[in-house]
Amino acid sequence: MPVLHAPTPSMPSMPAAVSGTAAGLFAAFVGLADRLAEWGRGRVPTVAGRITSALVSPLASPLAPDDYLGLIDPLLSARHPAGRVVAVRPECAGAATLEIRPGRGWAGHRAGQYLPVGVEIDGVRHWRTYSITSPPEAPGRTLTITVKEEPGGRVSPHLVHRTRPGVVLRLGPAQGKFTLPEDPLPPRILMVTAGSGITPVAGMLRTLARRRFPGPAPDVVLLHSASGPDGFLFRAELAGLAARLPWLSVHARYTRTAGRLVPEHMGVLCPDWYDRETWACGPDGLLDALERHWAAAGAGERLRVERFRLAPVLPQGSDASGGRVRFEHSGVEADASASVPLLETGEAAGVAMPYGCRRGVCFGCLVPLVHGRVRDLRTGELHGEPGELIQTCVNGAAGPLALAL
């Protein structure tokens, strides 16, 4: 299958007619944005920094200098990270790997973490999370996500079939604790995956394959379940790694011919499974069975699982059902589902909701919270204090609340 590539621009070039003074001013503006970004992260500014901020802020209001850099090129923004797709590589049926060159705001990742990705479709930005399949690299290097098409989905088919090199995606910070520990690594590791659950583990294995071990390498066993060889993501690459690396063993079980992978198979495929530190990722049914099996063997503390959730994370309790939202300035009230962003709730009720993502500017939807609590639909985290600025495109109602609109 062909691999689609795009040129890899770094900074937008200045027109030939632009003077050296203007180019120097542009470079100074980038440096100024970095200085102000440091202040925004809590660092105390110098006297010069305070004077500079006082001079620039009136010109930049209501946007910060960094926002204007983002309008020139989204990859220049440090506050709202973005990345440009530089290549699209077809994988197995219905899957593709997107190679992305992140911009200034990218802070890096650890192998096994996932990445919130903002994808614009028909003028609306949709956020989804995907595991990072590339090893951590130095700043400025590319990263990869591997997307499996979800039947009936909106975002994954768009990324797999219609995304081309040159497209800009918004990037959230790398998240998740499904990662390998810092040195020393466990001497024996077991990884159990199924379907697209191989993606975070692929990032781990690629990281381990590049590492130079000062002593003995850990003994790593990968057990993967797929529908068949054509549905095994990274099959050829993993087979090559296993042939080259004496410490890695890869075992595949194909459900079309051998049935599903179940915990009872562990004793045959990996006889010492209960003594190994284990990472598992796949469907809930498999992970639930593994948790019961490991607990019954007294090895529950050695098992780490990563679950892919298609629905927002809902906390336990009465606030999981949403609530009544009042828009104070307009006098409008509306019932809000726990899984629907407040931005959509307000628009459906006829409220003129502010937004910026549909114009390519993130955080344009911030609205002060009068009272109540909200839930981050990406993580399930509850938060909300009176006066807090709420990002309405990614937060839902967690009980009755009011917004200053």
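Sequential numbering from 1 along the given sequence is applied to the chain's residues. The structure presented is a predicted model; accordingly, all values stated were derived computationally and were not measured.
No donor-acceptor pair closer than 3.5 Å links the side chain of R253 to the backbone N or O of L223. Under a 3.5 Å cut-off, the side chain of R235 and the backbone N or O of P229 do form a donor-acceptor pair. W279 contributes a side-chain N or O that, together with a main-chain N or O of T179, makes up a donor-acceptor pair within less than 3.5 Å. Looking at S156, its side chain does come within 3.5 Å of a backbone N or O of E150 through a donor-acceptor pair. Under the 3.5 Å distance criterion, the side-chain polar atoms of Q113 are matched with a main-chain donor or acceptor of G176. Panel note: side chain N395, backbone D376; a donor-acceptor pair is recorded below 3.5 Å. Distance alone, capped at 3.5 Å, places no donor-acceptor pair between the R110 side chain and the K177 backbone. Remark: the backbone N or O of T144 is paired with a side-chain donor or acceptor of S134 at under 3.5 angstrom.
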Start with the C-alpha gap between S196 and I198, add the side-chain angles, then the distance that decides, and say whether side-chain contact (heavy atoms from CB on, under 4.5 Å) holds. CA-CA 5 Å; S196 58; I198 189 69; 5.7 Å; no
So T129 and Q175, side-chain contact (heavy atoms from CB on, under 4.5 Å) or not? Walk me through it. CA-CA 9 Å; T129 57; Q175 302 173 32; 6.0 Å; no
Assess whether side-chain contact (heavy atoms from CB on, under 4.5 Å) is satisfied between H383 and I390, documenting all intermediate values. CA-CA 9 Å; H383 63 101; I390 301 301; 4.0 Å; yes
May I have the step-by-step check of side chain to side chain donor-acceptor pair (under 3.5 Å) for T133 and T199, ending in yes or no? CA-CA 6 Å; T133 51; T199 52; over 6 Å; no
Determine, step by step, whether L115 and Y130 satisfy the side-chain contact (heavy atoms from CB on, under 4.5 Å) criterion, reporting the C-alpha distance in whole Å, the side-chain angles of both residues, the deciding distance to 0.1 Å, and the verdict. CA-CA 5 Å; L115 172 68; Y130 297 101; 5.8 Å; no
Go through the steps for T97 and T146 under the test side chain to side chain donor-acceptor pair (under 3.5 Å), then give the verdict. CA-CA 4 Å; T97 291; T146 300; 2.8 Å; yes
Salt bridge (Lys or Arg N to Asp or Glu O under 4.0 Å) between R89 and E91, intermediate numbers included: CA-CA 6 Å; R89 294 189 288 272; E91 298 287 352; 5.0 Å; no
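How far OG1 of T163 is from NE2 of H158: 4.0 Å, rounded to the nearest 0.5 Å. From R84, atom CZ reaches atom CD1 of I100 across 12.0 Å, with rounding to the nearest 0.5 Å. Rounding to the nearest 0.5 angstrom, the gap separating the CZ atom in R154 from the NE2 atom in H126 is 4.5 Å. Going from atom OG1 of T278 over to atom CZ of R302 covers 8.5 Å, rounded to the nearest 0.5 Å. Here CG of L405 is found 5.5 Å from CE of M353. Values are rounded to the nearest 0.5 Å. Summarising the geometry, atom CG belonging to L245 is positioned 9.5 Å from atom CG belonging to L208; distances are rounded to the nearest 0.5 Å.
Proximity of V119 to R128: side-chain heavy atoms (C-beta onward) are nowhere separated by under 4.5 Å. Inter-residue side-chain proximity for S225 and L286 is flagged as unmet; no heavy-atom pair is nearer than 4.5 Å. Using a 4.5 Å heavy-atom threshold, the side chains of P165 and V86 count as separate. At a threshold of 4.5 Å between non-hydrogen side-chain atoms, the residues L185 and D183 count as touching. At least one side-chain heavy atom of P157 sits less than 4.5 Å from a side-chain heavy atom of R162. In this structure, I189 and W247 have side chains that are not in contact, with every pair of non-hydrogen atoms separated by 4.5 Å or more. Here the side chains of M204 and F178 are in contact, with some heavy-atom distance below 4.5 Å. Between P102 and P81 there is no side-chain heavy-atom pair separated by less than 4.5 Å.
Heavy atoms of other residues, nucleotides or ligands lying less than 6.0 angstrom from CZ of R260 number 12 at most.
When all heavy atoms of L369 and G384 are compared, the closest pair comes out as CD2-CA, 3.6 Å. A111 and T207 get closest at one heavy-atom pair: CB-OG1, 3.3 Å. Taking both residues in full, the closest heavy atoms of S339 and L377 are given as O-CD1, 3.8 Å, listed atom of the first, atom of the second, then distance. In this structure, A82 and V168 approach most closely via the heavy-atom pair CB-CG1, 4.0 Å. Counting all heavy atoms, side chain and backbone alike, D230 lies closest to C92 at O-CB, 2.9 Å. The two residues V250 and A242 make their nearest non-hydrogen contact at CG2-CB, 4.0 Å.
Tested against L269 for a side-chain contact (heavy atoms from CB on, under 4.5 Å), the candidates V192, V221, L261 yield a single pass: L261.
Using a 4.0 Å cut-off between charged side-chain N and carboxylate O, R307 and E291 make a salt bridge. Taking the charged nitrogens against the carboxylate oxygens, E306 and R304 have no contact shorter than 4.0 Å, which rules out a salt bridge.
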